[in-house]
Every structure is written in structure tokens, then in C-alpha cells.
Amino acid sequence: MSRMLDSTPAAPPATLRGAIRDAIERALGEAVAAGDIGPLDEPRPIEVQRSGKPEHGDYATNVALQLARPLRMPPLAIASAIAARLQDAAGVVDSAEAVAPGFVNIRLADPALAAVVDAARREPDHWGRLAGPAESTGRHVNVEFVSANPTGPLTVGNARGAFVGDLLARVLEAGGQRVTREYYFNDSSAQVRNLGASVLAQREGRPIPEDGYHGDYVIALATELPQELIAPRPGESDPDARAWAVGHWASARIREGIEASLAHLGVRFDAWTTEGSLATEGWVDQAIERLRDGGHLYEQDGATWFRSTAFGDDKDRVVIRSNGERTYFAFDIGYVIQKFSRGFDHLIYIWGADHHGTVARVRNAAAAMGFDKARVEMILTGWVHFVRDGVEVSMSKRAGTFITLDDLLEQLGVDAARWYFASRGANVNMDVDIELARRQSSENPVYYVQYAHARIASILRKAAEAGLQPAASVGGLLAEAPDAILARIVARFPEVVEDAAAAQETQGVTTYATELATAFHAYYRDARVIDAGSPERSARRLALVDATRITLASALGLLGISAPEAM
RNA sequence: GCGCCUGUAGCUCAGUGGAUAGAGCGUCGGCCUCCGGAGCCGAAGGUCGCAGGUUCGAAUCCUGUCGGGCGCGCCA
């Protein structure tokens, strides 16, 4: 065991897979040093993958296949040289075998496996969370999402971003990064005035403007509108002043509703930045000055343009219109400066697919302002296309025909909805039949996973009543089939989290949770946990089953989904 | 026209260069003396849109092509 740590002074591997990788690297180095295989020109990353079949062991590496060409040696010979050295590695490797065409199959040592499973129970809160206390080492990421205009309740379209952003934030946190959840709140656009005009018209019984807002919520707002906002203020000349005032009042009310909806979903934002603040605090001007100083701006037709084409964009972009107003784009890049000045290392934006056209220009502007383009990342979400009885449900906030996030949560429930979005890639388009989704919500796989959790909780309760307590370790239990199989899946959880954080995706977590639940249900069938006739084995099985429960709860918790003790 | 996303089982989707491509739902057939049947076991169902290419190896990478979505404003 200690050899393992000796070889990795910087950071001990967080996963069994990492420990295996280290062992392979050492074996490879020894094989080279001994002259078994030729010297390597350059170090190459070692891939360790989980074996697909039990006969192939637990892990496999393809280094030999990768090295065959540069070393000009048969892959199987390289594999054999590595496998022979791996046998010597005591800690995590039980046995290693070179097989055609050149894989090295590796079997885990039971003690190492037991140690990982026991770790889950010793520190359930840290189980699967990587890099431990990462305050000092993890980068600080700003994830901006939803950012819907405060002109109506959140729709399911906005909801996609809410789920994707929150899930991303959770996965990054589990990967040891600090995350700030940010909402860009557009409080000063013409749409706010438009909203005000619509509410005012509704209140005063006038027809709502053609491009105004029509939803039921407009009627509700009109009813609640305070008297003092309706009356024109003395000495006010701007004909739009009333509309602006009402709009600001209405958007504040809507923001409260948005926050409540998001809270219901379990999403809390750490920061709300308003568009107005970017102007009043000078960030927009600062961005423009910075571009000007760098020679990236030019004047044409009375407007000021950013030379985005110099960075590969297909056309240049206006930052100041000929009427003197700064464009939305100018605010975007002012916001970039604002965010970086707040100390973030990395910015992630969750945008709808319709915004893909603005990705390049914002990243280009960031580069022009001297920031690393790689630190400005956009994730585009696919569409949620709703149909009812085979007919598309058209959604328009202005027309008032839309399905709200609250509707969705009411129909599906938070857990089922979260699972639904977590199990799909962010950028795929989804067709959702509302009636079907409702009917299927009771058959959602999330309940399958929760059921496994509740079932284990029940076993643990029953065992306690019988006076049986889990053992401190599962050691000694893992040599044979039902226990060995379940333990291996439990032990893989940190790798799943690692992969999810690296890919910035959650599908792997739902897939894994389903696999673990399935494995538990099979285990339950094959292995008697509470067995008065064998108290020693019962105690160890209770430990294994408890580790399984903790892992299920951790996976669900990572997705913001509850893990009920009973259901 | 140009650009981005996308195409995997009847349906909804996993699979980010590895060994026999998976899950849920749906369909068909089995399992309740025993720790929770919201469970278990089995079956049927695939030219991974199509055609080339790279590679020891391609659903995955490259090129072309076809279908679907979105974008291409001194709007936000």
C-alpha cells in the first residue's frame, strides 16, 4: 500500500483507476529501465478503462497497442513485459495478464477494493467528492444560467437551462471546483417598458399593445398594481415614464416569482447581476476602452465596430450604434470584464441553441481584451419541444401560451424532472409528450434507484431491531460472487464523478445509479443479508449494503434528487 | 447560400478510438412459504442516416452527402 503513495508524491490517486494507472506507469518505466522494451521518445498518457467482461478482469489498458508502432515491437510482447512487472505491484493489482491483440487485463486486489468500500462509510459526505477540501486548489468557476428576462414566469424552455446549469454546477463542485451560480437580470431593456405598458393597458381596460404581453400573469399583475403607479406624476414629461415605472414594479414582482420557482426546483443563485449595474459601474465603457486601446475598434457609418473578423468571426460587430446607444453585445463584453475582475478563473455560460451565433463574437472580444479565450466557455442547450396528442404546443411568452417551470414540476415532480434532464445531454433536442411524460413519471427510473435506497434503509432498520450492526469493514467478504460484484460497482463511484466533472455532464451519473440499483436488486435476490445463523457474515454484508446505500444517496444528491428512507 | 447543433432498438435516450453497441418504456413469456413485487428472470427487436477515408481497431476522428433543428440586425 505504501508503495502506491511513494510513487505519487504530489497527489495520491483519488480513484482505484488512478492507482492502477500509476501502477502501470511504474511497470512501464521498470520495463524500459530493464531493457525489456525500447526507450520512449515522449511520455504518453496511459489509458485505463473498465473491462467490459468479467473474464477480462476489472481494468484494462491499451498502452501496449499504442506503443507498438513507435517502439516497433509486437503489441503482445509489450503487453507481456508490462503485465510481468505489474504482478509485482502489491497494493491494488491482484493479477495482470497480457492478451491478444495487446491488452493488459488487470484484476483488483481484494484489500484495496475493501478499503475503498469502507471509505464510503467512514466519510459519507466526502464519498465521490474529489480532491477533498479544494478551496485552495480548485479553480473558481462562474456558471451563468437561466438569465431569463423578467417579463413573465419561467417557461420549460428556461427550465432546460435551469436544470443544465444547476447540474453542471453540482458536478463541478463534486470535482473539487468552486462554483458561483449567476443570474444575469435584464432590468433596463425596452421589454421592461413593454411589460409595463401591457400591465397598464390591462389595468385601464385598454387593448394591450400589439407586441405586448398577454398571459394570465399580466391580468394578475394589473389587478395588484398599486394606485400610485397608475397616476401620472406631476411634472413628468416623458410619455413612457409611467410604463417604465410600472414595468420596473412588475419585473420586480416577476423576479420574486422566478426565484420562488427556482427555489422549488432546488436551485439557488449566488449572484444576481443587473444589466443596469454594468452601465452605471462603468464596465461597459471599460470594455470599449480596452478594445479601443488595443486597436480593435473602428468607426463606420457613424457607428463603432469591433473587428471580430480579425479573430475568425464572419463579420464585424457594432458596439456603439450611430445613435450613441451601446449594443447588447457591448454589455456582454463589459460583463466579461466584470466577471474576471471578480476573480473567476473560468466563465461558463448556459445559453439556448438560438444563441450560438453570439458565441464567437463574445469569445473573440474576450481574447481582444487580453483574456484567455479558453476561459470563456459556452454550453448551448437543445430545445425542449413539447407536443400534446401529437400536436406541437407552441410557446410564446408574449402570446401567453406557454408551459411554465411550475407546471412541469407540478406534473412530474422535482425528482423525476431532475432525473429526466440529468440523463440527457445538454445539447440534444428533446421531444416531450406532456401526457406521456406525466403517465411515465411514475415509471421514471429515478424511482427505481430511490426504491433500492429505501429497501436498504429498511434492511438496516430491520437488522438493528434484530441486534445486528454493520461491521467496520467489508474485508473478507469480497472473494465470492454476489458480494464481489456489488462491491466493485460501489467502488467505481469516484471514477464516475471524476468522469462527470471532466466531461461536465451528468448522464454518466444517472446511468451509473441505475446500474448500481440493478446490481443491488440482484444482490438482494442472491445474498441473504440478515442471517442470524451467520452473524459475522451478516455484519459484513450490512457494511456492504450500507456502502451501497451511501453511494446511491451520493449519486442522487449529486443530481439534487432526494434519497428517501422509505417510500 | 454560409455557419453551428443533431441523426443509435417501435418510443425516449446512454455510449467523448477498444474486446459480442446498452438502458428505461412498450411488446411477449415466466417468478410472491423467506430481509420491501415501485422487485426478479427470460425472449423478440440494430445495414449506429448513407458513401468514402484515417487506424492494429471507428457509433466515436476526417471528407463528402441526405434528413431535422437553429442562427446569419446599428434587436435583445
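Naming: A, B, ... by sequence-line order, numbering from 1 per chain. Only this structure's heavy atoms are used, side chains among them; waters, hydrogens and symmetry mates stay out.
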K.L.:
Under the 5.5 Å and 30° test, is A/H56 stacked on the base of B/rA19?
P.N.:
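A/H56 ring centre within cut-off of B/rA19 base, planes near parallel; stacks.
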
K.L.:
Below 6.0 angstrom between ring centroids: does that apply to A/F311 and A/H296?
P.N.:
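Close enough - the centres of the two rings lie under 6.0 Å apart.
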
K.L.:
My understanding is that a pair needs two contacts under 3.5 Å, Watson-Crick or G-U wobble. By that rule, which nucleotide pairs with B/rG1?
P.N.:
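Partner of B/rG1: B/rC72.
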
K.L.:
Taking only the P atom of each, what is the distance from B/rG22 to B/rU47 in whole angstrom?
P.N.:
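Result for the P pair: 15 Å, nearest Å.
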
K.L.:
Would you please confirm or rule out a distance under 4.0 Å between OP1 or OP2 of B/rC40 and any side-chain N or O of A/Y448?
P.N.:
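Yes.
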
K.L.:
Does CD in A/Q300 sit with more than 12 non-hydrogen atoms of other residues, nucleotides or ligands closer than 6.0 Å?
P.N.:
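Correct, the count exceeds 12.
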
K.L.:
What does A/D499 touch in the nucleic acid at a heavy-atom separation under 4.0 angstrom: a base, only the sugar-phosphate, or nothing?
P.N.:
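Base contact.
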
K.L.:
Looking only at side-chain atoms of A/Q191, point me to the closest of B/rA76, B/rC70, B/rC35.
P.N.:
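Nearest listed nucleotide: B/rA76.
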
K.L.:
Assign A/Q300 to base, sugar-phosphate, or nothing according to its heavy-atom contacts below 4.0 angstrom with the strands shown.
P.N.:
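If one applies the 4.0 Å heavy-atom cut-off, A/Q300 turns out to touch a base.
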
K.L.:
Tell me what A/V428 touches on the nucleic acid: a base, only sugar-phosphate, or nothing, going by heavy atoms under 4.0 Å.
P.N.:
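Counting heavy atoms under 4.0 Å across all strands, the contact made by A/V428 is with sugar-phosphate only.
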
K.L.:
Return the pairing partner of B/rA38 with a 3.5 Å limit on both distances, Watson-Crick or G-U wobble; otherwise return none.
P.N.:
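Because no pair has both required distances under 3.5 Å, B/rA38 counts as unpaired.
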
K.L.:
In whole angstrom, give me the gap between the C1' atoms of B/rU12 and B/rG7.
P.N.:
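To the nearest whole Å, 14 Å.
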
K.L.:
Please answer whether B/rA19 and A/F103 are stacked, defined here as ring centres separated by less than 5.5 Å and planes angled under 30°.
P.N.:
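Stack criterion met.
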
K.L.:
Quick check on B/rC13: is either OP1 or OP2 less than 4.0 Å from any side-chain nitrogen or oxygen of A/Q507?
P.N.:
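For A/Q507, the contact criterion (side-chain N or O under 4.0 Å from OP1 or OP2 of B/rC13) is not met.
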
K.L.:
Between B/rG3 and A/K315, is there an OP1 or OP2 to side-chain N/O distance shorter than 4.0 Å?
P.N.:
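So the side-chain polar atoms of A/K315 never come under 4.0 Å of the phosphate oxygens OP1 or OP2 of B/rG3.
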
K.L.:
Which glycosidic conformation, syn or anti, is assigned to B/rC32 if syn requires a torsion within 90° of zero?
P.N.:
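For B/rC32, whose glycosidic angle is within 90° of 0, the conformation is syn.
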
K.L.:
Compare side-chain N and O positions of A/R321 against OP1 and OP2 of B/rA76 and report whether any pair is under 4.0 Å apart.
P.N.:
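Affirmative; the distance criterion is met.
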
K.L.:
Are more than 12 heavy atoms from other residues, nucleotides or ligands located less than 6.0 Å from atom CD of A/Q49?
P.N.:
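Yes, enclosed.
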
K.L.:
Below the 4.0 Å mark, does B/rU20 have OP1 or OP2 next to a side-chain nitrogen or oxygen of A/K53?
P.N.:
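No, no such contact exists.
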
K.L.:
OP1, OP2 of B/rC41 versus side-chain N and O of A/R525: anything below 4.0 Å?
P.N.:
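Yes, because at least one side-chain N or O of A/R525 sits under 4.0 Å from OP1 or OP2 of B/rC41.
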
K.L.:
Does any nucleotide pair with B/rC61 by Watson-Crick or G-U wobble geometry, both distances under 3.5 Å, and what is it?
P.N.:
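Because both required distances fall under 3.5 Å, B/rC61 counts as paired with B/rG53.
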
K.L.:
When you measure only distances, ignoring hydrogens and angles, does the side chain of A/N105 come within 3.5 Å of the base of B/rA19 through a donor and an acceptor?
P.N.:
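Indeed, a donor on one side and an acceptor on the other fall under 3.5 Å apart.
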
K.L.:
Can a salt bridge be assigned to the pair A/R17 and A/D499 using a cut-off of 4.0 Å between side-chain N and carboxylate O?
P.N.:
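Here A/R17 pairs with A/D499 in a salt bridge, since their nearest N and O are under 4.0 Å apart.
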
K.L.:
Compare side-chain N and O positions of A/N429 against OP1 and OP2 of B/rC5 and report whether any pair is under 4.0 Å apart.
P.N.:
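Checking B/rC5 against A/N429, no side-chain N or O comes under 4.0 Å of OP1 or OP2.
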
K.L.:
How do A/F329 and A/A452 order along RNA chain B: which one's closest nucleotide is nearer the 5' end?
P.N.:
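Result of the comparison: A/A452.
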
K.L.:
What do the steps show when you test A/D415 against A/R418 for salt bridge (charged side-chain N to carboxylate O under 4.0 Å, His left out), and what is the final call?
P.N.:
CA-CA 5 Å; A/D415 287 347; A/R418 274 186 172 273; over 6 Å; no

